[in-house]
Q: 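Let me begin by handing over the structure; questions about it come next.
Numbers restart at 1 for each chain; the letters A, B, ... are given by sequence-line order, proteins then strands. Small disclaimer: the values here were computed from a predicted structure and weren't measured.
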Protein chains: 2
Amino acid sequence: MPDTAENQAKEQPRRRQARGERRIAQLLEAAASVFCTTGYTAASTNAIAREAGVSPGTLYQFFPNKEAIAIELGDRLMHQMRDAYGEALAPVDPATPLEEAVGSAVDRFIAFNCEHPVFFALMHGPDVPGRIAEEHDALHTTLLARVEALLSSLLPDTSPADLARTSRMCLGLYKAGLELTLGHEGAEREAYVQELKNVLVRYLEPLVGERPGREEASSPRTP
Amino acid sequence: MPDTAENQAKEQPRRRQARGERRIAQLLEAAASVFCTTGYTAASTNAIAREAGVSPGTLYQFFPNKEAIAIELGDRLMHQMRDAYGEALAPVDPATPLEEAVGSAVDRFIAFNCEHPVFFALMHGPDVPGRIAEEHDALHTTLLARVEALLSSLLPDTSPADLARTSRMCLGLYKAGLELTLGHEGAEREAYVQELKNVLVRYLEPLVGERPGREEASSPRTP
DNA sequence: CCAGAATGCGAGCGACCTCTCGCTTTTGTC
DNA sequence: GACAAAAGCGAGAGGTCGCTCGCATTCTGG
């Protein structure tokens with residue numbers, strides 16, 4: 001199969017110059033900024049082009065439509081996340097204290113979301129259409145599976161239904177804590193992160209309390 | 001001041017016939033349905049009129065603009081909520097067990113939101129413009145103040161900053177639990193309500209543990 | 001019963017948004 | 001330097017949506 005014109009739907013639609021790659025990065029950055037402040041639907045392609053300092057026509061030189069911008073942005077973020085924190089929830093040494101497991105997982109994901117606030121904006125808005133919602137669902141399912149795996153190793157004797165419910169609950173609590181965390185800066189942000197950890201640990205502690213080799217540790221506030 | 005034409009901006013803009021009141025209720029019901037399925041911004045006034053079985057012109061006979069529909073809907077819901085559950089968070093007998101206080105407050109608000117899913121759609125979407133966001137903020141502030149008052153009576157010796165943070169956290173957790181609850185039906189819904197109560201109680205328990213006349217009660221799962 | 005107000009209609013106006021198209025300018029290659 | 005491909009432009013086509021306006025119909029008070 002020769003690399004003719006009709007092969008353009010796969011991988012490399014056409015040859016890009018270095019300038020083009022730079023423009024793409026620039027446009028994605030601009031899109032991230034606009035999506036963050038206005039959300040996906042309210043963000044106009046003209047506004048994204050203006051933010052990037054190019055004409056609307058130039059934007060459509062590199063993206064077939066508005067949705068593709070969000071898709072590409074989401075894909076790149078997903079890759080970055082997998083590269084940086086792919087193992088965040090994977091290793092589940094049953095001997096790890098609950099505080100430590102929860103704390104490190106929360107820290108990793110909070111850090112990523114603080115560095116890339118678009119991620120939350122894209123994955124949280126109820127206004128995203130088709131394809132992006134699919135990405136959202138895929139991510140949610142992946143995360144849910146990870147959490148479920150982690151919890152099932154911590155809570156071996158729990159029914160699948162309870163496990164699924166508890167996992168969803170943990171994800172929901174994390175999302176709520178993330179929203180509060182992103183809404184604050186500096187020391188206050190740190191405090192919210194700590195509160196989120198407290199919530200999760202205290203929620204899960206009674207469920208794993210029967211595990212061998214664990215002592216009771218209850219610190220009412222952060223020491 | 002006579003009740004002339006220029007007095008129409010207050011209270012009763014003009015005289016309504018019974019048919020008009022019926023149409024208004026009908027339009028609001030249709031709007032609630034459309035808002036629920038598509039969100040506020042994506043909901044078109046033509047779609048609302050179609051859902052109500054009237055022409056677009058008729059809709060604008062009763063509402064000056066799209067925003068006013070949401071405002072009126074929000075106002076009516078707020079009134080219903082105040083009438084039905086206004087006292088839900090108010091009475092704070094310090095002798096009340098934490099489980100009971102949290103449980104009844106959660107039950108009341110969950111019940112209201114289950115009966116009126118529009119409420120969540122209107123108050124949750126990040127796409128709502130100006131005035132509705134104000135209503136949202138007002139409600140949030142009110143609820144926050146109530147929670148803060150309730151917690152301050154349970155936790156007398158806590159700094160105002162910690163109190164505010166804990167209150168916000170509780171509200172955020174409630175919102176997360178509400179979303180999960182609304183996403184399920186029947187027995188599963190009940191289970192999520194119970195999990196939400198567990199989360200809140202376990203989160204707050206260590207903070208009120210020093211209160212006199214309380215015994216430790218830790219039930220790993222719902223009995 | 002009738003005058004005037006309230007209700008009801010639906011084509012269509014203006015604003016905005018996504019995306020296109022013909023064109024010029026820049027870049028890489030021989 | 002010549003030439004093709006890529007990058008860049010911006011007016012505007014085509015479409016949707018909020019909302020209006022002129023006119024027809026139904027109600028209500030005197």
Q: Going 5' to 3' through nucleotides 24-30 of chain C, assign each nucleotide B (protein heavy atom under 4.0 Å from a base atom), S (under 4.0 Å only from sugar-phosphate atoms) or - (no protein heavy atom that close).
A: --BS-S-
Q: Is any NZ, NE, NH1 or NH2 atom of the basic residue among R168(B) and E195(A) found under 4.0 Å from an Asp or Glu carboxylate oxygen of the other?
A: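 Result for this pair is no, no salt bridge flagged.
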Q: Do any pairs count as a ring-ring contact (aromatic ring centres under 6.0 Å, His included) and have a residue in residues 21-47 of chain A, sequence neighbours left out, and if so which ones?
A: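 Residue pairs with at least one partner in residues 21-47 of chain A: F35(A)-Y40(A).
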Q: Given atom NZ of K66(A) and atom C1' of dC16(C), what is their separation to the nearest angstrom?
A: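 Between C1' of dC16(C) and NZ of K66(A): 12 Å.
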Q: What do the steps show when you test R16(A) against I24(A) for side chain to side chain contact (heavy atoms under 4.5 Å, CB included), and what is the final call?
A: CA-CA 10 Å; R16(A) 290 261 177 246; I24(A) 290 179; 3.8 Å; yes
Q: For dT20(C) and Y60(A) - does any side-chain N or O of the residue sit under 4.0 Å from the phosphate oxygens OP1/OP2?
A: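 No, no such contact exists.
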Q: Over how many whole Å does the gap from E67(A) atom CD to dC19(C) atom C1' extend?
A: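 Rounded to the whole Å, the gap is 14 Å.
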Q: Reckon N46(B) touches a base, only the sugar-phosphate, or nothing at all at heavy-atom distances under 4.0 Å?
A: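 If one applies the 4.0 Å heavy-atom cut-off, N46(B) turns out to touch a base.
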Q: Got a sec, which residues hit side-chain hydrogen bond (donor to acceptor under 3.5 Å, both in side chains) with S55(A), two or more places apart in sequence or on another chain?
A: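 S55(A): side-chain hydrogen bond (donor to acceptor under 3.5 Å, both in side chains) contacts with T58(A).
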Q: Once ring-ring contact (aromatic ring centres under 6.0 Å, His included) is applied, what residue pairs with a partner in residues 166-194 of chain B remain, sequence neighbours excluded?
A: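 Non-adjacent pairs meeting ring-ring contact (aromatic ring centres under 6.0 Å, His included): H184(B)-Y192(B).
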Q: Is a salt bridge present between K175(B) and E179(B), judged by a nitrogen-to-oxygen distance below 4.0 Å?
A: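 No, no charged N to carboxylate O under 4.0 Å.
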Q: Who are the side chain to side chain contact (heavy atoms under 4.5 Å, CB included) partners of E29(B), not counting sequence neighbours?
A: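 If we apply the side chain to side chain contact (heavy atoms under 4.5 Å, CB included) test to E29(B), skipping adjacent residues, there are no hits.
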Q: Report the residues that fulfil side-chain hydrogen bond (donor to acceptor under 3.5 Å, both in side chains) with E100(B), sequence neighbours left out, ordered by chain and then residue number.
A: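 Result, side-chain hydrogen bond (donor to acceptor under 3.5 Å, both in side chains) vs E100(B): none returned.
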Q: What contact category does A47(A) fall into here, base, sugar-phosphate, or nothing, at under 4.0 angstrom with non-hydrogen atoms?
A: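 No contact.
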Q: Determine yes or no for a side-chain-to-main-chain donor-acceptor pair under 3.5 angstrom, with D162(A) supplying the side chain and T158(A) the backbone.
A: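 No; judged by distance alone, with no hydrogens or angles, the pair does not exist.
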Q: Of all nucleotides in DNA chain D with an atom under 4.0 Å from a non-hydrogen atom of chain A, which is the first and which the last going 5' to 3'?
A: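 Going 5' to 3' along DNA chain D, contacts run dA6(D) to dG10(D).
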Q: State which residues pass ring-ring contact (aromatic ring centres under 6.0 Å, His included) with H124(B); sequence neighbours excluded, sorted by chain then number.
A: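 Listed in chain order: H124(A), F120(B).
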Q: Nearest whole angstrom, please: distance from the P of dC17(C) to the OH of Y40(A).
A: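 One finds 14 Å between P of dC17(C) and OH of Y40(A), rounded.
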Q: Can the ring centres of Y203(B) and Y203(A) be said to be less than 6.0 Å apart?
A: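 No - the distance between ring centres of Y203(B) and Y203(A) does not fall below the 6.0 Å cut-off.
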Q: Figure out the CD/P separation between Q61(B) and dA5(C), and round it to whole Å.
A: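 The distance from CD of Q61(B) to P of dA5(C) comes to 13 Å, rounded to the nearest Å.
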Q: Give, ordered by number, those residues of residues 50-57 of chain A having at least one heavy-atom distance below 4.0 Å to an atom of DNA chain D; if nothing qualifies, reply none.
A: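 Contacting residues: V54(A), S55(A), G57(A).
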Q: Could you tell me which residues satisfy side-chain hydrogen bond (donor to acceptor under 3.5 Å, both in side chains) with Q80(A), sequence neighbours excluded, listed by chain and number?
A: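 Only H116(A) meet the side-chain hydrogen bond (donor to acceptor under 3.5 Å, both in side chains) criterion with Q80(A).
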Q: Got a sec, which pairs hit ring-ring contact (aromatic ring centres under 6.0 Å, His included) with one end in residues 46-80 of chain A, sequence neighbours left out?
A: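 Pairs touching residues 46-80 of chain A that pass the test: none.
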Q: Check for a donor-acceptor pair, side chain of K66(B) on one end and backbone N or O of T41(B) on the other, with a separation under 3.5 Å.
A: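 Flag set: sc K66(B) to bb T41(B) pair under 3.5 Å.
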Q: Looking at dA6(C), I'd like to know if its phosphate oxygens (OP1 or OP2) sit under 4.0 Å from a side-chain N or O belonging to R23(B).
A: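 It does not, given that no N or O in the side chain of R23(B) lies less than 4.0 Å from OP1 or OP2 of dA6(C).
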Q: What's A49(A) touching, base or sugar-phosphate or nothing? Going by heavy atoms closer than 4.0 Å.
A: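 No contact.
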Q: Mind running a 4.0 Å heavy-atom check of residues 24-34 of chain A against DNA chain D and sending the residues that fall below it, in number order?
A: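 Nucleic-acid contacts, sorted: none.
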